[in-house]
Amino acid sequence: MKAISLQSGSNGNCIYVEAGGKRLLFDAGICGIRAEQRLAAHGRDIRHIDAVIISHDHSDHIRYAGVFQRKYRLPIYVTSPTLDAALERQRLGPLSDVRHFRRGETVQFGNLSVQTIPTMHDGADGVAFVISWGKKKLGILTDLGHPFAGLDKIVATLDGVFIESNYDAEMLARGPYPEFLKRRIRGPGGHLSNIEAAELLGRYGKGLKWACLAHLSEQNNHPARAIETHREIARPKYAVYTASRYAATEVFHV
Ligand SMILES: [Zn+2]
Ligand SMILES: [Zn+2]
């Protein structure tokens with residue numbers, strides 16, 4: 001199984017995964033042209049994607065779902081509460097090929113299976129993902145809210161993971177965000193900090209070959225800081241990367 005983060009952060013999220021002849025995109029938070037170009041740079045054609053799977057209704061994850069659907073004829077997989085919430089507040093445009101899954105359900109694409117995991121994040125009906133192919137498992141664990149019960153057991157099964165490492169606690173505390181927003185980010189429906197992500201993987205990520213720290217805040221984090229905190233706390237035996245807000249990553253393998 002191979003995976004590429006095309007972009008990660010509050011400015012837009014999109015992760016590409018392929019295995020067993022199937023090609024999936026997780027989230028549609030970057031514009032069609034950018035997704036097309038970043039996939040093409042890795043020798044992939046966006047028109048060959050089998051499904052676009054949406055994690056939750058926040059615009060950095062769903063904003064361009066309509067574009068992906070209309071421009072490239074891609075089916076959109078989304079829960080109905082997520083789609084309803086997005087349609088209320090955003091202009092997705094007409095969508096003709098929508099396939100609903102339920103939160104917690106596993107969706108099958110050939111012999112690639114996508115387990116959806118309900119999150120505690122403050123979206124309408126958010127999910128994270130574990131993608132399984134044979135014995136290999138890849139986690140896409142962002143916009144989690146907090147390290148909720150059961151996440152430990154999920155992390156323990158993974159070979160590779162994109163893990164939310166949104167903010168550095170000190171940078172957030174000293175930074176320019178208004179108090180209500182700081183409270184939201186730190187709160188149970190917000191985002192995981194560098195320390196929370198590191199503790200989670202350090203304790204439970206025994207099978208990991210790599211971790212890619214994802215959804216890093218522009219104002220309240222820095223890639224070098226996130227990696228340094230991760231190394232100190234998790235003492236990882238696996239490789240650690242960060243997913244950029246401005247570019248695609250390399251191709252990761254599990
Ligand atoms: Zn997000
Ligand atoms: Zn979100």
Side-chain angles (χ1 to χ4, degrees), residues 3-17 25-31 34-35 38 52-68 76-90 92 101 103-104 116-130 139-148 151 161-168 171-172 175 177-178 180-194 196-197 200 211-223 226 242-249:
I4 305 166
S5 167
L6 301 181
Q7 184 164 310
S8 183
S10 56
N11 60 338
N13 294 275
C14 190
I15 291 177
Y16 171 80
V17 176
L25 282 184
F26 290 87
D27 286 328
I30 64 174
C31 75
R34 191 165 288 171
R38 288 182 183 169
V52 180
I53 306 164
I54 303 294
S55 65
H56 65 296
D57 59 300
H58 291 159
S59 65
D60 56 318
H61 297 264
I62 198 171
R63 190 183 310 161
Y64 295 103
V67 174
F68 281 32
I76 305 298
Y77 286 70
V78 63
T79 75
S80 28
T82 289
L83 184 59
D84 290 348
L87 289 172
E88 253 175 48
R89 282 177 286 116
Q90 300 173 53
L92 303 182
F101 65 87
R103 202 151 99 119
T116 67
I117 297 145
T119 65
M120 304 297 133
H121 186 59
D122 56 5
D125 196 42
V127 293
F129 305 100
V130 173
I140 299 180
L141 308 179
T142 72
D143 301 72
L144 299 174
H146 62 272
F148 51 86
L151 206 49
V161 67
F162 293 96
I163 182 80
E164 170 172 55
S165 192
N166 179 253
Y167 67 94
D168 175 87
M171 287 176 77
L172 178 65
Y177 279 20
F180 80 91
L181 200 50
K182 291 183 181 181
R183 268 202 300 276
R184 183 211 154 219
I185 291 168
R186 282 190 210 106
H191 292 289
L192 260 58
S193 69
N194 293 340
E196 287 172 322
L200 184 66
C212 183
L213 310 182
H215 214 298
L216 268 64
S217 167
E218 171 96 283
Q219 301 271 356
N220 308 311
N221 209 349
H222 188 277
T242 54
S244 171
R245 297 170 60 91
Y246 305 105
T249 59

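When a ligand or atom number is given, it counts from 1 through the structure's own listing order. It should be emphasised that the depicted structure is a prediction, and the values quoted were computed from it without experimental measurement.
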Interatomic spacing from CZ in R63 to CD1 in I54 - rounded to 0.5 Å:
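Reported to 0.5 Å precision, the distance equals 12.0 Å.
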
Could you tell me whether the side chain of N166 reaches within less than 4.5 Å of the side chain of L216, counting heavy atoms only?
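When only atoms from C-beta onward are counted, N166 and L216 do not touch, as no gap falls below 4.5 Å.
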
Close side-chain approach of D143 to T119, heavy-atom, < 4.5 Å
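No - every pair of side-chain heavy atoms lies 4.5 Å or more apart.
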
Looking at R186, I want to see if its CZ is surrounded by more than 12 non-hydrogen atoms of other residues, nucleotides or ligands under 6.0 Å.
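For R186, atom CZ is crowded (more than 12 foreign heavy atoms under 6.0 Å).
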
Criterion side chain to side chain contact (heavy atoms under 4.5 Å, CB included) on I117 and F148, from CA distance to verdict:
CA-CA 11 Å; I117 297 145; F148 51 86; 4.2 Å; yes

Aromatic centroids of H121 and H146 separated by under 6.0 Å
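Centroid distance H146-H121: not below 6.0 Å, so no.
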
For the Zn ion (ligand 1), which protein N/O/S atoms fall under 2.8 Å? Skip waters.
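Listed by chain and number: D60 OD2, H61 NE2, D143 OD2, H215 NE2.
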
